[in-house]
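All remarks here apply to the structure that follows.
Naming convention: chains lettered A, B, ... in sequence-line order (proteins, then strands); numbering from 1 in each chain. Heavy-atom basis, side chains included; hydrogens, waters and symmetry copies ignored.
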2 protein chains.
Amino acid sequence: MTMSNTGGRRKPPTIHDVAREAGVSRGTVSRVLNGGHYVSPTAQEAVNAAIRRTGYVVNRHARSLITGRSDSIGFLLTEPQERFFEDPNFNVLLSGCTQALAAHDIPLLLMLAGTRDERRRITRYITAGHVDGVLLVSSHSGDPVAEELREAGVPLVQCGKPMGLGAKVSYVAADDRDGARDMVRHLLSLGRRRIGMVSGPLDTPGGVDRLAGYKEVLTEAGVEIDERLVVSGDYSRASGEAGTERLLARAPDMDALFVASDLMAQGALTALRRAGRRVPEDVSVGGFDDSSAATEATPALTTVRQPYDRISAEMVRLLLAQIGGEDPAAVILPTELVKREST
Amino acid sequence: MTMSNTGGRRKPPTIHDVAREAGVSRGTVSRVLNGGHYVSPTAQEAVNAAIRRTGYVVNRHARSLITGRSDSIGFLLTEPQERFFEDPNFNVLLSGCTQALAAHDIPLLLMLAGTRDERRRITRYITAGHVDGVLLVSSHSGDPVAEELREAGVPLVQCGKPMGLGAKVSYVAADDRDGARDMVRHLLSLGRRRIGMVSGPLDTPGGVDRLAGYKEVLTEAGVEIDERLVVSGDYSRASGEAGTERLLARAPDMDALFVASDLMAQGALTALRRAGRRVPEDVSVGGFDDSSAATEATPALTTVRQPYDRISAEMVRLLLAQIGGEDPAAVILPTELVKREST
DNA sequence: TTCTCTACTGTGAACGCTCACAGAAGCATG
DNA sequence: CATGCTTCTGTGAGCGTTCACAGTAGAGAA
């Protein structure tokens, strides 16, 4: 027979209390709360004072009930959650989005949908209107969740270029191809010619574009493209390690290695060390992302910086615009080559 | 003049629609939705069928408005956000809590309160009743946010033992002292006698307990405690590196090192490598946490495993119990020594 | 039969807010 | 002096639920 809840929260003041306190009507308080148009300065001030005195905070549920908006947005990750654990990029993105939204006083709901069941549950939750929009992180292509949400008309911004269907979907991405070009040019400038690549998954635009940049620069420079020097991974550390082992077996004369993510590059360093290759003396290694994995690695990784702070800010901006009725849009942000010890 | 929203979401069915479809009243549908007590099997079935046909999903705002519950809970991090970026433990905890709550169909709101302003904003948000309870991660002691929330009567569960005021607050923690004892015994068993320690911050119980365990075992074993062998850090990689340098300067004959977090241990490895000490030949190194930082490190770290999956599950369990009216409780979970290459 | 009890069902009110509307006041224009 | 326009204010309705209460039907007991 548990009595009152610990601490006993008492009833918070309502808009009615504020109105009485300020000597105005509910309508006036509501108007002040929503931008203050058509409110006299006198009333404006009286209401603000009353709000301060009473400690009033708007009840978002009551508001949402009538506006139909929830004033909250979801951060959806449709990846197996090990990747979330492992990849420092997600942290940065998540925290960046949380902060960008906090500036608009919008809470962020974290949604992890690794399994089929979770995906179904979460899709239903979203399409029921419990969030006004979704920030989607999914390196996978042809993500069924993205498709469903788009069909349901849910405002959506993806991180990274989505596969297929072009203009209809908002996304923010770094310039993968250009970043890859910079890195390969850098490796060439060091005199390396047998440059290997561990690419990302080739069913994702990011994976494809980085590989394309690599091939483009080599061709330009008159270096023959050797398919034995190219393998693909899934951005995990383990796949970087395995891929590098395969490369070493197929092309022992490899003198440089461009790895499509820092995490995979960490794996590559492990494989190279085990094979007795010195980095950067025997093999120069370049990563991609400039995540914390790059500085943690020994030696510290030369890498292509993706501007995650700007990416998250842009994702939020685009999503809010879309919720406000604007059309979907795409933003491509420039990358930057960061030189460290591994090249 | 933007016309209808992209895709055009149409109005979702209400409980009324379901009632009409099922040929019963709103009340009956509501009862089915909330556990199905006092509902005939016939009605039960009719309602469920109607729900399926209409695709009805309960409007949480309307429900919250009347129940006073929000059916959502907050994950609050009152740390500077760099720590969130860097420390893999947070990921694991966050993702574990999200999943544990998903099983109860409760969304999790991510709240990052690194600065004073953010803390104020978020405290107001929470005390206004926008979440039913809070999972708090704060290694800092005497956290003002924790204090305020407790005073406001907000159900709260902390990760890690809080400083001071004992029984009144719920928390879940690993057995720090016991874990430290295991590690130091292990180092002693390797024949090491000059065992250094980089402890955590000494204004946190976790930091204090791990140090206590260290001293306890040494004393038991008849090894004299040398204060030159002890420094403290703040769990960041950088502080582990700096601390280890200090130790090496003060006690060059150190033959083992117990570091109170894996992240700091990574820093320690860097410092040792720079000083030309081989690990584990010259110096055995032990970490704490068994985060992904432990396996990433070279050599892979021997460490004390904190059962983060169980910690997050227990935090959620305790919080839900507390929201249900139960008293705050504490849970201490056992740790486990994980031997790898560094010892 | 009549009463009581249990199992079930329907209904109005309320939660706290916003929105549409009506109306008041002030000022310029015809 | 009426008319219109603009700026401001108050009021009732209603958003989609749950909750308390009243009411019905059927079973069993007196």
How many whole angstroms separate atom OH of Tyr38(A) from atom C1' of dC21(C)?
14 Å

How many angstroms lie between CD1 in Ile122(A) and CD in Glu148(A), if you round to the nearest 0.5 Å?
12.0 Å

Quick one: which protein N/O atoms are closer than 3.5 Å to N/O atoms of nucleotides 16-19 of chain C? Pair and distance per line, please.
residue : atom : partner  : partner atom : Å
dG16(C) : N2   : Ala62(A) : O            : 3.4
dC17(C) : OP1  : Tyr56(A) : OH           : 2.4
dC17(C) : OP1  : Asn59(A) : N            : 3.3
dC17(C) : OP2  : Ile15(A) : N            : 2.3
dT18(C) : OP1  : Asn34(A) : ND2          : 3.3
dT18(C) : OP1  : Arg63(A) : NE           : 2.9
dT18(C) : OP1  : Arg63(A) : NH2          : 3.1
dT18(C) : OP2  : Ser30(A) : OG           : 2.8
dT18(C) : O4   : Arg26(A) : NH2          : 2.7

Using five base pairs at each end to define the local axes, how bent is the helix from dT1(C)-dA30(D) to dG30(C)-dC1(D), to the nearest 10°?
60°

Take the protein atom CZ of Arg20(B) and the nucleotide atom P of dG10(C), then report the distance between them rounded to whole Å.
15 Å

Kindly indicate whether the side chain of Ile73(B), heavy atoms from C-beta on, has any atom under 4.5 Å from the side chain of His104(B).
no

Any Ser40(B) side-chain nitrogen or oxygen under 4.0 Å from OP1 or OP2 of dT9(C):
yes

For the pair His130(A) and His61(B), name the ring-plane relationship: parallel under 30°, tilted 30 to 60°, perpendicular over 60°.
perpendicular

Supply the atom-to-atom distance Thr54(A) OG1 to Asp17(A) CG, rounded to the nearest 0.5 angstrom.
7.0 Å

Residues Glu147(A), Arg150(A): salt bridge by 4.0 Å N-O rule
yes

Check this for me: does any side-chain nitrogen of one of Arg121(A) and Glu118(A) sit under 4.0 Å from a carboxylate oxygen of the other?
no

Less than 4.5 Å apart, side chain to side chain, heavy atoms only: is that true for Ile126(B) and Met111(B)?
yes

Side chains of Tyr125(B) and Leu109(B) in contact at under 4.5 Å (non-hydrogen atoms)
yes

